[in-house]
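Index from 1, following the sequence. Bear in mind the structure is a predicted one, so any value in this text is a computation, not a measurement. Just so you know, ligand 1 is whichever comes first in the structure, and atom 1 is the first atom listed for that ligand.
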Amino acid sequence: MQYYSTNHQAPIASLHKAVVKGLAEDRGLYMPEHITPLPQEFFQSIDNKSFQEIAFTVAEAFFGEDVKRDDLQTIVYDTLQFDCPVKKVEDDIYSLELFHGPTLAFKDVGARFMARLLQYFIRQEGRHDQVNVLVATSGDTGSAVANGFLGVEGIHVYVLYPKGKVSPIQECQFTTLGKNITAIEVEGTFDDCQALVKSAFMDKELNEQLLLTSANSINVARFLPQAFYYFNAYARMKEMGKADELVVCVPSGNFGNITAALFGHAMGLPIKRFIAANNANDIFYQYLQTGVYNPQPSKATIANAMDVGDPSNFARIIDLYGGEHSRICSLISGATFTDEVIRKTMKSCYSENGYVLDPHGACGYQALKQLLREGETGVFCETAHPAKFKDTVEGAIDAEITIPEKLAAFMKGEKKSEPMSKEFADFKTFLLKQK
Ligand SMILES: *Cc1c(COP(=O)(O)O)cnc(C)c1O
């Protein structure tokens with residue numbers, strides 16, 4: 001399969017190149033040239049299949065031309081060593097729990113899949129030098145990427161994070177791992193971390209000495225595998241006899257997760273319509289109302305993984321529907337919620353249903369409460385385990401929540417990180433010494 005850029009000014013790329021480069025030369029996002037529809041029979045019997053079996057069929061449609069069948073199967077099964085259950089929250093509203101992976105958030109699947117796919121290509125090339133992945137994080141991406149790449153031979157990951165600006169729960173998920181993961185604590189802000197990574201990619205000498213790549217969330221190997229979730233959601237709903245008139249609601253920030261769902265829809269997945277739930281960062285919501293895309297500086301909210309003022313995957317959504325506002329509006333609705341509404345939603349859902357929402361999932365649930373129509377069944381994504389946002393959630397629901405074993409284990413680990421100034425010269429010297 002070939003990949004083109006949403007800006008249409010860069011050469012067509014192989015999957016291998018699209019994965020290694022992440023972003024196209026013209027700064028556009030890679031899109032697969034074809035979307036392979038899956039046969040009717042697949043959907044008819046999908047409820048008899050496991051998450052892993054379903055995902056493998058979907059993965060073959062995406063990557064089957066570029067990855068040997070057995071290897072692809074290994075990659076899929078290695079990535080999905082946990083479930084993605086659907087739970088009933090109340091009549092007609094179900095939660096698709098995407099937080100049963102190693103760092104308890106949905107980004108785990110894309111990160112692990114990308115790590116294994118990158119490793120597959122490195123081995124195929126017979127490379128012996130190490131690939132270095134640089135990632136700047138304000139919290140969640142760093143933990144998903146670090147854990148996805150943990151122990152993957154031939155790849156070393158450097159996670160750059162701003163000192164004192166990442167919550168202790170998030171920090172321990174990438175500073176306690178050791179092995180091929182190095183955490184770098186930067187004396188500066190998240191923007192400084194990003195600037196260091198960008199400078200490294202542009203530095204000629206560094207790129208001659210070291211093989212550098214990013215694990216950005218726009219990478220095709222990170223975002224496409226998220227489609228697995230939606231095929232599985234349909235299967236589990238069909239099992240319960242609830243799959244007709246299905247509405248899927250995705251709490252969205254950079255819009256990667258919902259874009260993967262839209263790819264599923266384009267492959268024939270019978271979902272009636274979608275809702276993109278936003279926090280106060282309502283750029284997509286405004287686009288749906290007005291037809292104008294007007295990016296804004298991001299606003300800090302309690303659903304902070306969705307604090308995005310210029311969602312990168314918007315370009316992919318525009319590309320999927322030929323830029324037609326009316327087509328986009330007929331398939332996707334929007335919703336936007338203030339922190340106050342998010343808090344009230346966590347509280348009411350807990351007291352009425354006994355279900356604990358995290359601040360991101362709360363946006364999804366609330367959007368269904370408001371927008372679900374007669375006869376429809378709604379499924380919203382619970383994108384992170386509520387314990388990842390313990391203080392916010394406990395404050396809202398006025399009850400204590402228990403920390404899952406996986407998270408507690410990270411918190412017991414020994415924190416190790418390299419102190420770093422925000423000067424590129426220091427970072428460069430450090431990287432060159434790692435060779
Ligand atoms: C990343 C993230 C989101 C937003 O997902 P996008 O793919 O960027 O739209 C929502 N919730 C949580 C918990 C996340 O970590």
Side-chain angles (χ1 to χ4, degrees), residues 29 84 95-111 113-114 135-148 166-167 169-170 173-174 190 215-230 248-264 274-285 287 298 301-317 332 334-337 342 345-346 356-367 380-390 392-393 407:
L29 277 66
C84 145
S95 167
L96 174 64
E97 294 185 348
L98 307 184
F99 57 68
H100 295 279
T103 75
L104 310 175
F106 82 86
K107 292 186 180 71
D108 284 330
V109 159
F113 192 93
M114 179 183 166
V135 56
T137 187
S138 55
D140 259 5
T141 300
S143 51
V145 169
N147 283 274
V166 169
S167 82
I169 287 188
Q170 287 175 325
Q173 291 176 82
F174 54 81
F190 169 62
N216 204 300
S217 70
I218 51 99
N219 198 294
V220 290
R222 271 195 64 193
F223 106 91
L224 277 176
Q226 292 163 2
F228 303 160
Y229 291 140
Y230 299 94
V248 165
C249 179
V250 187
S252 296
N254 238 333
F255 282 70
N257 201 4
I258 196 168
T259 303
L262 296 171
F263 268 81
F274 295 87
I275 302 171
N278 283 159
N279 57 24
N281 294 276
D282 63 351
I283 290 75
F284 187 76
Y285 175 83
Y287 164 77
S298 67
T301 76
I302 55 169
N304 59 18
M306 307 191 325
D307 293 350
V308 180
D310 185 4
S312 356
N313 287 289
F314 182 74
R316 285 195 167 115
I317 297 179
I332 316 169
T336 169
F337 303 108
I342 295 173
T345 300
M346 289 190 276
V356 182
L357 294 163
D358 97 293
H360 307 82
C363 296
Y365 167 81
Q366 186 57 241
F380 68 95
C381 298
E382 228 325 346
T383 48
H385 191 288
K388 292 194 85 169
F389 304 91
K390 192 170 186 287
T392 307
V393 174
L407 202 50

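By the 30° and 60° cut-offs, the orientation of the rings of Tyr229 relative to Phe106 is perpendicular.
In this structure, ligand 1 sits under 4.0 Å from heavy atoms belonging to Phe106, Lys107, Asp140, Pro251, Ser252, Gly253, Asn254, Phe255, Gly256, Asn257, Ala305, Met306, His360, Thr383, Ala384.
Taking each heavy atom of Asn278 and Tyr285 in turn, the nearest pair found is OD1-N, 3.8 Å.
Taking the salt bridge (Lys or Arg N to Asp or Glu O under 4.0 Å) definition, one finds that Lys388 meets it with Asp140, sequence neighbours left out.
When each of Val308, Asp307, Ile302 is tested with Asn279 by the rule side-chain contact (heavy atoms from CB on, under 4.5 Å), just one qualifies, namely Asp307. Evaluated for a side-chain contact (heavy atoms from CB on, under 4.5 Å) with Arg222, the options Thr141, Val109, Asn216 yield exactly one hit, Thr141.
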Just do the ring pair (Phe, Tyr, Trp, His ring centres under 6.0 Å) check on Phe223 and Phe263 with the steps written out, would you?
CA-CA 10 Å; Phe223 106 91; Phe263 268 81; 5.6 Å; yes

